[in-house]
Amino acid sequence: MSSCSPNDDIAASLLADADNLISQGLPHKAETLLRRVLAINETKFGIGHVCTIESVLRCSRVLQLQGKLLDACVLCRMEIARAERVPVLLMHIQKKITSFLST
């Protein structure tokens with residue numbers, strides 16, 4: 001999924017650890033790491049940046065794996081709501097998230 005390769009060593013390490021946890025069947029542990037990556041990307045790149053969107057989608061996917069479907073939807077919808085403040089980004093984000101939610 002990632003067209004955004006983190007250039008932050010901490011984010012890259014957290015992503016690798018989260019991927020390992022998911023492959024071991026431990027998505028609840030991966031969630032914490034992915035939320036940290038999301039926080040890093042929001043701070044570094046801002047809302048609407050491809051890296052931030054991908055972080056939202058990764059968090060949403062791990063929530064889905066845990067059966068937390070409502071939480072996954074809320075996270076995606078929050079990103080859309082926040083992006084509405086930046087109209088240029090809104091269409092891009094809506095397209096990515098709508099595609100994700102339909103899978």
Side-chain angles (χ1 to χ4, degrees):
M1 165 190 354
S2 186
S3 61
C4 173
S5 23
N7 54 7
D8 181 291
D9 289 341
I10 294 170
S13 176
L14 291 171
L15 276 176
D17 290 347
D19 287 342
N20 286 334
L21 289 168
I22 291 167
S23 68
Q24 294 172 21
L26 301 168
H28 59 286
K29 291 186 178 185
E31 179 186 348
T32 303
L33 301 181
L34 292 174
R35 287 188 183 273
R36 287 178 58 197
V37 172
L38 174 57
I40 290 168
N41 287 342
E42 283 180 338
T43 301
K44 187 171 188 165
F45 301 111
I47 297 166
H49 189 277
V50 67
C51 292
T52 304
I53 295 167
E54 287 193 17
S55 293
V56 167
L57 297 178
R58 280 179 179 262
C59 284
S60 294
R61 225 176 268 297
V62 84
L63 288 167
Q64 278 185 324
L65 288 172
Q66 298 175 77
K68 299 178 180 178
L69 303 180
L70 182 59
D71 291 344
C73 286
V74 167
L75 183 60
C76 288
R77 292 188 192 285
M78 281 176 39
E79 186 68 10
I80 290 171
R82 291 168 56 199
E84 286 176 341
R85 297 183 211 148
V86 187
V88 165
L89 302 173
L90 184 58
M91 276 183 27
H92 175 68
I93 291 171
Q94 283 179 321
K95 185 177 174 183
K96 293 267 273 182
I97 290 176
T98 300
S99 171
F100 167 77
L101 291 176
S102 66
T103 58

What pair of heavy atoms forms the shortest contact from N20 to S23, and how long is it? O-OG, 2.8 Å
Among all residues two or more places apart in sequence or in another chain, which pass the side-chain contact (heavy atoms from CB on, under 4.5 Å) test with A18? A30, L33, L34
Provide the closest heavy-atom pair for P27 versus V62 in the form atom of the first, atom of the second, distance. O-CG2, 3.4 Å
So, using salt bridge (charged side-chain N to carboxylate O under 4.0 Å, His left out) as the criterion, who are the partners of R36 when residues are at least two apart? none
For L63, the rest of its hydrophobic cluster, which grows through side-chain links under 4.5 angstrom: L38, V56, L75
Between V37 and the options L14, D17, I10, the side chain to side chain contact (heavy atoms under 4.5 Å, CB included) test singles out L14
Show the nearest heavy-atom pair for residues N41 and C51, with the distance to one decimal. ND2-O, 3.4 Å
Here the pair of heavy atoms bringing L65 nearest to I22 is CD1-CG2, 3.9 Å
Is it true that a side-chain atom of T52 and a backbone atom of I47 form a donor plus acceptor pair closer than 3.5 Å? no
For residues 21-31, pull every pair meeting salt bridge (Lys or Arg N to Asp or Glu O under 4.0 Å), keeping only residues two or more places apart or in separate chains. E31-R35, E31-K68
Applying salt bridge (charged side-chain N to carboxylate O under 4.0 Å, His left out), name anything that partners D71, two or more places apart in sequence or on another chain. none
side-chain hydrogen bond (donor to acceptor under 3.5 Å, both in side chains) partners of D19, counting only residues at least two apart: R58
